[in-house]
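Sequence lines set the chain letters: A, B, ... in the order given, protein chains first and strands last, and positions in each chain run from 1.
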Amino acid sequence: MGARTLAVVTDNTQQSPEANGPHSATPADLPTQYTPADVEGKLYERWVERGYFEADAKSEKPPYTIVIPPPNVTGSLHLGHAFQHTLMDALTRRKRMQGYEALWLPGMDHAGIATQNKVEQQLGEEGRSRQDLGREAFVERVWRWKEEYGGKILGQMRRLGDGVDWSRERFTMDEGLSRAVQTVFKKMYDDGLIYRAERIINWCPRCLTAISDIEVEYQEDDGELVQLKYGEDGDGAGTVVVATTRAETMLGDTAVAVHPDDERYRHLIGKRIKLPLTDRTIPVVADSHVDPGFGTGCVKVTPAHDPNDFEIGRRHDLPLLTVMDERGVITAHGPFQGLDRFEARSAIVAALREQGRVLEEKRPYVHSVGHCSRCGTTIEPRLSMQWWVKVTPLAEAAGDAVRDGRVKIHPAEMSSRYFDWVDNMHDWTISRQLWWGHRIPVWYGPEGEVVCVGPDEEPPAGEGWRQDPDVLDTWFSSGLWPFSTLGWPDRTPDLEKFYATDVLVTGYDIIFFWVARMMMFGMYVMEEPPFHTIALTGLVRDEHGKKMSKSFGNVVDPLDWMDAYGSDALRFTLASGANPGTDVPIGEDWVKASRNFANKVWNATRFALMNGATVAGPLPDPAEMAATDRWILSRLNEVVAEVDGYYEDYQFAKLSDALRHFAWDEVFDWYVELSKTTFAKGGRPAEVTRRVLGEVLDVTLRLLHPVVPFVTEELWTTLTGGESVVVAGWPADSGFRDADAEREIATVQQAVTEVRRFRADQGLQPGQKVPADLDLAGTALMAHEDAIRQLLRLQPAGEGFQATASLPVAGATVSLDLSGAIDVEAERKRLTKDLAAAEKELAQTGAKLTNEAFLAKAPEHVVEKIRGRKAAAEADIARLQQQLERLG
RNA sequence: GGGCGCAUAGCUCAGCGGUAGAGCGCCUGCCUUACAAGCAGGAUGUCACUGGUUCGAUCCCAGUUGUGCCCACCA
């Protein structure tokens with residue numbers, strides 16, 4: 001029977017809501033292989049042109065909002081982005097289909113240090129520095145850079161299929177967002193939550209700026225712990241030995257500290273000793289911070305170059321002696337002046353060694369050293385005046401919002417990480433000595449006045465007034481992102497409609513940097529959490545679970561895989577690996593497998609179209625359907641419910657898995673195969689199956705669409721004639737279930753599989769027709785004889801039929817004429833093996849059922865189940881023994 | 001130094017009190033007119049180790065070993 005004759009469906013009078021008149025897709029419309037490149041770009045542009053992703057603040061529909069974690073303007077798409085974007089896109093696409101006013105808001109972060117470094121590097125290649133240009137020209141240059149090279153990632157997002165609302169794209173340095181920054185700064189300043197203080201901060205001598213604690217990355221570095229003898233033998237106080245890994249700071253020592261209870265040094269407390277290489281004497285102070293058990297129990301104290309020493313200095317009123325400049329060059333007078341800190345370190349140790357003051361060296365001494373997260377330079381603790389945010393009250397509110405359930409963290413186990421942070425947060429250094437960023441809105445007057453200026457206020461004018469030269473930490477503006485992007489501080493329709501956002505999808509690695517700060521600002525500014533749910537994702541790793549890094553050489557450009565296998569394949573693979581909060585390994589073979597799945601869906605739909613599958617008209621009455629139709633519809637509705645459940649739980653791996661198995665193992669491998677017999681026979685049953693097959697594919701494509709938007713769009717529009725699956729409705733569980741049909745088909749599957757196994761064991765060619773006599777009377781298989789014959793390539797038992805093999809399957813008997821001797825040994829082997837398994841099962845279940853304790857204490861349904869298993873094992877054994885006997 | 005997590009098939013991971021699962025890989029046979037990016041069949045696990053709780057433990061508890069991550073002011 002030709003496909004053309006089967007494709008004609010004309011008797012339906014009712015159109016489905018999506019249908020655009022009589023629909024006449026033909027298999028010719030679809031090539032035999034899915035080629036992503038042919039459709040992806042075209043479809044994306046169509047979606048954008050039609051405005052599907054543009055949200056309407058005036059809509060009556062309930063809102064669903066996700067703001068994108070703004071990628072750095074310097075960034076390009078990596079697998080981590082592709083991963084998170086896939087999840088966010090799937091969430092918003094589904095909600096859009098469900099009838100929500102879905103907004104996924106895109107944008108970028110100006111990424112202060114990163115961007116400034118990039119442009120400085122570019123200048124460097126021209127032999128110039130930012131100082132050569134001057135501040136204004138430099139910032140101008142950064143803007144030009146941003147226009148020219150920045151935002152590469154936005155184009156890449158289109159490749160991925162991100163359904164973002166481009167009309168609402170934002171940038172943290174936009175006029176509007178800058179106004180939000182200034183407004184918040186002013187408010188916090190007025191509330192006493194922002195203050196200026198001179199403290200030890202983390203200083204990057206290369207970037208020449210302060211950075212916050214979390215921007216410091218600690219590494220185990222090789223160092224040298226040297227023990228230095230301070231003081232003079234002849235002196236009254238004598239000598240003490242201190243240990244240090246940073247000998248160069250000794251030039252700035254202003255004390256030696258010992259523990260107050262340390263008997264060894266009690267006599268020294270209050271005395272002064274000579275500081276080597278200088279003409280100074282320094283006091284010995286008692287401070288309980290000192291651990292008497294470490295080293296000699298004596299600590300050199302350098303209040304201007306070490307945070308602990310700074311605290312000790314404060315407690316003992318020690319002078320702060322700065323001996324290095326902002327580039328880490330020694331400024332103290334003497335032979336070391338002008339040396340870089342590392343040169344100075346060896347020079348000073350050498351000089352002290354010459355004086356016999358270096359007692360003992362431990363080398364290598366591995367210890368934890370802080371590095372700038374942006375450039376890797378060793379951090380220099382540095383005394384300086386900076387702006388700070390007083391975080392305690394903000395962090396408390398941020399913690400409470402999660403504690404009292406207003407914000408849920410997924411998976412819940414990750415909450416501890418969040419609490420650890422917000423409950424122990426130190427004040428936040430927000431000023432940066434950079435030029436690219438939001439300038440601190442504070443003016444200093446000639447008389448020492450300090451004025452914080454709001455966005456609608458004029459800065460003080462006149463002689464001697466100048467603005468603070470520093471800019472704000474990038475995370476200050478990104479912390480405002482969930483509301484600044486919606487127009488705050490204005491009470492915009494967007495803000496009214498779309499705040500608070502629904503879910504924040506981001507990596508667990510960014511909880512401290514970003515999540516906690518958005519929570520703090522959201523609670524403080526909006527008095528409402530910025531999102532209802534925080535869905536934390538893991539990191540993308542390579543196929544062996546190893547971190548992707550340039551040094552390992554295992555970094556993959558997602559665009560390469562999208563080129564080779566399509567965006568859908570990449571997305572499906574990422575979604576399939578997305579178990580909440582866990583890292584996601586990905587390998588090229590897996591992407592290939594996802595591509596194969598897309599192609600399978602493609603071809604199954606082609607088959608359906610060739611055979612006249614349709615979505616037109618209402619579904620036939622179940623009473624009119626064959627068990628196969630009722631079975632697949634029952635399963636379909638179960639899958640709809642299952643997928644919905646997984647979405648609510650952000651279980652992307654589970655829902656992807658469930659859909660793949662349903663589509664491939666059930667719809668394609670069984671329903672479609674069974675439908676071939678129905679179509680071949682024609683008549684009303686074929687019509688019913690055409691409609692059911694259309695329904696099943698329609699719904700399955702909708703269910704798959706959020707994760708694999710391109711192939712589903714192409715197929716769905718072809719199948720249904722609908723405008724776009726993007727704006728089609730999300731399937732709802734109709735409640736239709738048919739347990740009898742499910743059991744019946746399970747029996748068919750079992751029987752068919754059993755005979756197939758026999759055929760394979762007998763070495764029969766898959767296509768080889770075998771005469772067979774089927775005795776199916778009184779079994780669930782009865783209605784499926786034709787399908788069973790078709791699937792198993794069995795032909796009617798004709799003249800001279802000889803039942804050389806007789807298989808009991810599912811209560812029925814299938815007799816085959818193998819035209820000669822069957823392979824007795826192969827069959828005996830198989831049966832013996834099955835028999836052993838059945839006997840083992842019988843022994844196990846039997847043992848349980850004779851166990852009094854089990855019978856007394858196990859719940860009834862468990863006991864019942866074991867009884868069932870025992871009966872099944874007994875039946876299997878009887879059947880297998882009978883077969884073995886027949887073999888002789 | 002603290003805290004958290006993980007150890008299940010060759011690889012990557014689900015499962016987490018009642019018969020061990022998936023994807024990829026592997027073996028066998030097939031171009032069966034939707035698909036070889038496919039079809040059919042198959043093999044594979046002392047569920048890290050040692051105890052404990054339980055009628056019953058991969059699953060709960062304790063300890064051991066291995067491994068990963070986060071935090072911390074180890075001079």
Side-chain angles (χ1 to χ4, degrees), chain A residues 1-3 27 30 32-34 200 218 225 242-246 257 289-291 294-302 306-311 367-368 381 413-414 416-417 420-421 424 508-509 511-512 539 541-545 547 565 569 573 576-577 579 581-587 589-590 592-611 653-654 657 660-661 668-669 672-673 676 752-753 756-761 763-768 790-791 793 840-841 844-845 848 851-859 861-863 865-866 869 872-873:
Chain A
M1 181 148 314
L30 302 176
T32 60
Q33 208 170 71
Y34 173 52
I200 297 273
Y218 287 88
L225 184 70
V242 298
T244 183
T245 54
R246 299 205 303 146
H289 166 80
V290 178
D291 173 7
F294 187 94
T296 58
C298 294
V299 184
K300 63 190 275 304
V301 182
T302 324
D306 182 279
N308 291 316
D309 295 2
F310 181 78
E311 293 303 320
H367 62 140
S368 179
E413 305 90 80
M414 282 281 173
S416 59
R417 231 182 242 234
D420 284 351
W421 174 252
N424 300 295
Y508 61 69
D509 57 322
I511 291 175
F512 311 141
L539 277 23
R541 294 171 174 272
D542 76 4
E543 69 267 41
H544 296 294
K547 205 170 195 162
Y565 308 110
T573 310
S576 298
N579 290 117
T582 65
D583 290 348
V584 183
I586 187 168
D589 282 349
W590 310 346
K592 207 180 282 183
S594 298
R595 182 273 313 263
N596 294 354
F597 175 56
N599 192 53
K600 184 74 183 177
V601 175
W602 179 268
N603 275 295
T605 307
R606 282 184 65 232
F607 168 85
L609 289 167
M610 285 189 213
N611 287 282
K654 299 269 166 56
D657 225 43
R660 190 186 53 233
H661 279 118
F668 305 157
D669 283 350
V672 162
E673 289 305 320
K676 287 177 179 172
V752 168
T753 302
R756 274 178 181 160
R757 197 154 53 190
F758 175 80
R759 288 189 55 127
D761 285 349
L764 294 173
Q765 300 297 298
Q768 185 179 334
Q790 158 83 19
L791 289 172
R793 316 270 168 231
K840 189 178 164 201
E841 173 78 352
Q844 280 177 348
T845 51
K848 283 201 175 198
N851 182 341
E852 291 300 330
F854 172 74
L855 293 172
K857 297 193 177 174
H861 74 272
V862 172
V863 177
K865 209 166 153 186
I866 301 290
R869 277 171 50 196

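Applying the side chain to side chain donor-acceptor pair (under 3.5 Å) rule to A:Asp589 yields no partners; only residues at least two apart in sequence or on another chain are considered. When the ring pair (Phe, Tyr, Trp, His ring centres under 6.0 Å) test is applied to A:Phe607, no partner is found at least two apart in sequence or on another chain. By the side chain to side chain contact (heavy atoms under 4.5 Å, CB included) test, A:Glu311 pairs with A:Arg314, A:Arg315, sequence neighbours left out. Checked against ring pair (Phe, Tyr, Trp, His ring centres under 6.0 Å), A:Trp590 has no partners two or more places apart in sequence or in another chain. Take A:His367 and apply the ring pair (Phe, Tyr, Trp, His ring centres under 6.0 Å) test, not counting sequence neighbours, and it matches A:Tyr365.
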| remark: Going 5' to 3' through nucleotides 18-29 of chain B and flagging B where a protein heavy-atom sits under 4.0 Å of the base, S where only the sugar-phosphate is that close, and - otherwise, we get BB--SSS----S
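Here B:A22 sits opposite B:U12 as a Watson-Crick or G-U wobble pair (both hydrogen-bonding atom distances under 3.5 Å). Applying the Watson-Crick and G-U wobble criteria (two distances, each under 3.5 Å), B:G29 pairs with B:C39. When both distances must be under 3.5 Å, the Watson-Crick or G-U wobble mate of B:C49 is B:G63.
The side chain of A:Arg759 contributes no N or O atom lying less than 4.0 Å from OP1 or OP2 of B:A40. Not one side-chain nitrogen or oxygen of A:Lys547 sits closer than 4.0 Å to the OP1 or OP2 atom of B:C69. Contact annotation: A:Asn596 side-chain N/O to B:G38 OP1/OP2 distance is under 4.0 Å. Residue A:Arg793 has no polar side-chain atom (N or O) positioned under 4.0 Å from OP1 or OP2 of B:U32.
Between B:A75 and B:C6, the distance separating the two C1' atoms is 35 Å to the nearest Å. Comparing the C1' positions of B:G29 and B:A36 gives a spacing of 14 Å, expressed to the nearest Å. Annotation: B:U12 and B:G45 have their C1' atoms spaced 16 Å apart (nearest Å). Nucleotides B:G21 and B:C47 have their C1' atoms positioned 11 Å apart, rounded to a whole Å. Taking atom P on both B:U46 and B:A20, the two are 14 Å apart, rounded to the nearest angstrom. Remark: the separation of the C1' atoms in B:U67 and B:U8 is 16 Å, to the nearest Å. A gap of 13 Å separates the P atoms of B:U32 and B:C39, to the nearest Å. Nucleotides B:G15 and B:A9, compared at atom P, are 15 Å apart to the nearest Å.
To the nearest angstrom, P of B:U33 lies 19 Å from CG of A:Leu609. Atom CZ of A:Arg757 is separated from atom C1' of B:A43 by 13 Å (rounded to the nearest Å). Atom CE of A:Met414 is separated from atom P of B:C6 by 10 Å (rounded to the nearest Å). Per the geometry, NZ belonging to A:Lys300 stands 12 Å off P belonging to B:A75, to the nearest Å. Between the P atom of B:C74 and the CG atom of A:Asp291 lies a distance of 12 Å, rounded to the nearest Å. The nearest whole Å value for the distance from the CG atom in A:Asp420 to the C1' atom in B:C71 is 7 Å. Regarding A:Asp669, its CG atom lies at a distance of 14 Å from the P atom of B:A34, rounded to whole Å. Rounded to whole angstrom, the span from the CG atom of A:Asn579 across to the P atom of B:C13 amounts to 10 Å.
Residue A:Asp583 is out of contact with every strand shown, counting any heavy-atom pair closer than 4.0 Å. The residue A:Pro585 sits close only to the backbone: its heavy atoms come under 4.0 Å of sugar-phosphate atoms, none of a base. Among the atoms of the strands shown, only primed sugar atoms or phosphate atoms (P, OP1, OP2) are found under 4.0 Å from some heavy atom of A:His367. In this structure, A:Val672 reaches the bases: a heavy-atom distance under 4.0 Å links it to at least one base atom across the strands shown. Across all strands shown, A:Tyr218 has no heavy atoms under 4.0 Å from either base or sugar-phosphate atoms. Residue-level contact check: A:Gln33 touches the bases, meaning some heavy atom is under 4.0 Å from a base atom. When heavy atoms are screened at a 4.0 angstrom cut-off, A:Thr753 is found touching the sugar-phosphate backbone but no base atom. If you check every strand for non-hydrogen atoms under 4.0 Å, A:Glu673 touches a base. Among the heavy atoms of the strands, none lies under 4.0 Å from A:Gly581.
Listed nucleotides B:G38, B:A14, B:C69 differ in distance to A:Arg417; the shortest reach to its side chain belongs to B:C69. Side chain of A:Phe512, nearest nucleotide from B:A34, B:C39, B:C71: B:C71. Considering only side-chain atoms of A:His544, the nucleotide from B:C11, B:G41, B:C55 that sits closest is B:C11. With B:A34, B:C39, B:A75 as the choices, the nucleotide that has an atom nearest any side-chain atom of A:Phe668 turns out to be B:A34. Closest contact between the side chain of A:Arg756 and the listed nucleotides B:C13, B:A34, B:G41 involves B:G41. When each of B:C35, B:A75, B:A40 is scored by its nearest atom to the side-chain atoms of A:Thr245, the top-ranked nucleotide is B:A75. Of the candidate nucleotides B:A75, B:A34, B:A37, B:A75 has the atom nearest to the side chain of A:Val290. You'll find that the side chain of A:Arg595 is closest to B:A37, out of B:A37, B:C70, B:A14.
If you check the side chains of A:Tyr508 and A:Asp583, you find a donor sitting under 3.5 Å from an acceptor.
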| Worked check of side-chain contact (heavy atoms from CB on, under 4.5 Å) between A:Asn603 and A:Tyr34 | CA-CA 8 Å; A:Asn603 275 295; A:Tyr34 173 52; over 6 Å; no
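The OG1 atom of A:Thr244 sits 4.5 Å away from the NZ atom of A:Lys300 when rounded to the nearest 0.5 Å.
For the pair A:Asp657 and A:Lys654, the salt-bridge criterion is not met [side-chain N within less than 4.0 Å of a carboxylate O].
The nearest pair of heavy atoms linking A:Thr302 to A:Asp309 is N-OD2, 2.7 Å.
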